[in-house]
Amino acid sequence: LMADEIVSVNEFQVLAKQALPKMYYDFYAGGAEDEHTLKKNVQEFQRIILLPRVLVDVSNIALSTNILGYNISAPIMIAPTAVHKLAHPEGELATARAAAACNTIMILSFSASCSVEEVAASCDAVRFFQLYVYKRREIAINLVQRAEKSGYKAIVLTSDTPRLGRREADIKNKMIVPQLKNLEGLMSAEVASDKGSNLEAYANETFDPSLCWRDIAWLKSITNLPVLIKGILTREDATKAMEVGAAGIIVSNHGGRQLDYTPATISVLEEVVQAVGRKVPVLLDGGVRRGTDVFKALALGAQAVLVGRPVIYGLAAKGEAGVRKVIHMLKDELELTMALAGCPSVKAISRSHVRTDRDRLQ
Ligand code: FNR
């Protein structure tokens with residue numbers, strides 16, 4: 001399989017597997033424990049059926065949308081994922097250039113292999129910064145201030161990682177995460193690990209498991225940027241996120257890498273959207289591999305989706321061009337889906353264009 005023969009996003013996974021050392025491929029592709037949630041994220045999209053409307057004028061399809069005041073070319077954004085240099089030597093710089101070329105938003109991972117400043121200097125894409133909060137809170141303050149200074153437009157707090165999920169492939173492969181670029185001079189990645197992966201040991205030394213809802217006020221007090229909360233899966237937490245003043249919610253189970261047996265994100269989207277009640281944007285990630293998946297998420301109330309692994313697979317296979325191709329394929333598929341479903345604009349995509357298991361029960 002060659003990159004120019006690729007016709008769907010899933011095929012990039014095959015190329016990435018060919019291109020990458022097994023240890024890195026497994027790190028990117030894998031999930032926690034039984035990988036139940038990892039699989040469900042994809043499978044639950046497949047249970048949702050589309051209900052097209054015919055004889056709608058679809059000679060012009062408008063994919064563009066607006067997220068927190070920023071216009072993007074389609075409701076497809078780049079999820080924060082760690083250490084892109086393990087996939088491609090240009091790392092996050094290539095990903096960011098692809099985001100700019102596709103006119104979409106990239107969320108840079110805290111655990112990136114390029115610094116917030118390097119990524120900011122390399123492209124003029126709208127960028128958000130994803131934050132983990134370490135026990136040493138001054139590291140969060142440092143990173144948030146650097147992100148704000150370098151023109152990032154929002155902070156995305158990942159809330160599902162008080163400790164690291166148990167990823168057995170990484171343990172078996174003795175996967176070692178390199179020094180994180182954003183932390184250079186702040187702390188060293190050296191965590192004693194004679195047997196096996198340093199991932200878990202590193203995370204347990206660093207991540208602050210005491211982080212809680214009260215701390216959102218602290219986070220908001222150290223920045224002027226809007227704070228989105230990533231990792232919400234229930235209506236209860238969606239309500240709490242509204243109470244603490246989150247500027248947006250990302251429905252996510254971390255791509256099945258944290259708590260296994262959490263629900264597929266698409267299956268809880270609607271209840272989260274109802275709890276939020278249009279007050280702030282709700283985004284979704286996990287298992288988005290087709291334009292029809294994007295359409296389904298929008299029909300169930302998401303403003304946009306984020307794409308994680310497919311971006312890494314594109315990057316591993318073909319660098320910036322690979323990431324561009326992944327985004328373009330999803331956009332093209334979404335555009336065709338909208339035409340065939342009778343939705344000339346993103347706003348026209350409604351709840352009545354999909355049928356879920358819940359509808360069948362009623
Ligand atoms: C992630 N994800 C993630 N999330 C986050 O908030 N900070 C991070 O550093 C990372 N790192 C990371 C690395 C890798 C290799 C993967 C696959 C994922 C989770 C990510 O943001 C997103 O929630 C999922 O990737 C979405 O699922 P899909 O699109 O990969 O199915």
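Keep in mind that this is a model prediction, so the values were computed, not measured. Atoms within each ligand, like the ligands themselves, are counted from 1 in listed order.
The pair Asp293-Arg290 does not meet the salt-bridge criterion, since no charged nitrogen lies less than 4.0 angstrom from a carboxylate oxygen. Under 4.0 Å is where a charged nitrogen must lie from a carboxylate oxygen, and between Lys40 and Glu44 at least one such pair does. Under the 4.0 Å criterion applied to side-chain N and carboxylate O atoms, Lys240 and Glu243 are not assigned as salt-bridge partners.
Protein heavy atom in closest approach to atom 20 (C) of ligand 1: Pro80 O, 3.3 Å. Remark: minimum distance from atom 11 (N) of ligand 1 to any protein heavy atom is reached at Ala82 N, 3.2 Å. Here the heavy atom of the protein found nearest to atom 4 (N) of ligand 1 is Lys230 NZ, 3.0 Å. Nearest to atom 19 (C) of ligand 1 among the protein's heavy atoms is His254 CD2, 3.5 Å. At the top of the distance list for atom 27 (O) of ligand 1, counting protein heavy atoms only, stands Gly286 CA, 3.3 Å. For atom 22 (C) of ligand 1, the closest non-hydrogen atom of the protein is Asp285 OD2, 3.3 Å. For atom 8 (C) of ligand 1, the nearest non-hydrogen atom of the protein is Tyr132 OH, 3.2 Å. Counting only heavy atoms of the protein, atom 29 (O) of ligand 1 lies nearest to Gly308 N, 2.9 Å.
With Ser113 as the partner, the side-chain hydrogen bond (donor to acceptor under 3.5 Å, both in side chains) test is satisfied by one option alone out of Glu92, His88, Gln179, Glu90: Glu92.
Distances between N or O atoms of Ser109 and those of ligand 1 include at least one value under 3.5 Å. Any N or O atom pair closer than 3.5 Å counts here, and Phe27 shares no such pair with ligand 1. Ligand 1 has no N or O atom lying under 3.5 Å from any N or O atom of Arg257, backbone or side chain.
Residues Tyr152 and Gln130 have side chains that never bring a donor and an acceptor to within less than 3.5 angstrom of each other.
Checked against the 6.0 Å centroid threshold, Tyr28 and Tyr313 do not count as a close aromatic pair. Ring pair Phe45/Phe295: centre-to-centre distance not below 6.0 Å.
Residue Ile72 shares its hydrophobic cluster (ILVMFWY side chains chained together at separations under 4.5 Å) with Ile67, Leu68, Tyr70, Met77, Ile105, Ile107, Val126, Phe128, Val156, Leu228, Ile250, Leu283, Leu306. Hydrophobic side-chain contacts under 4.5 Å tie Leu336 into a cluster, directly or through other members, with Leu340.
Looking at Gln130 against ligand 1, only its side chain comes within 4.0 Å, counting heavy atoms. With a 4.0 Å cut-off on non-hydrogen atoms, Arg289 touches ligand 1 through its side chain and not its backbone.
Remark: distances from the non-hydrogen atoms of Ile312 to ligand 1 include one below 4.0 Å.
Between the Asp285 side chain and the His254 main chain, no donor and acceptor come within less than 3.5 Å of each other.
Listed by atom number, the atoms of ligand 1 under 4.0 Å from Ser252 heavy atoms are 23 (O).
Nearest-residue assignment for atom 6 (O) of ligand 1 (options Asp160, Thr158, Asn253; heavy-atom criterion): Thr158.
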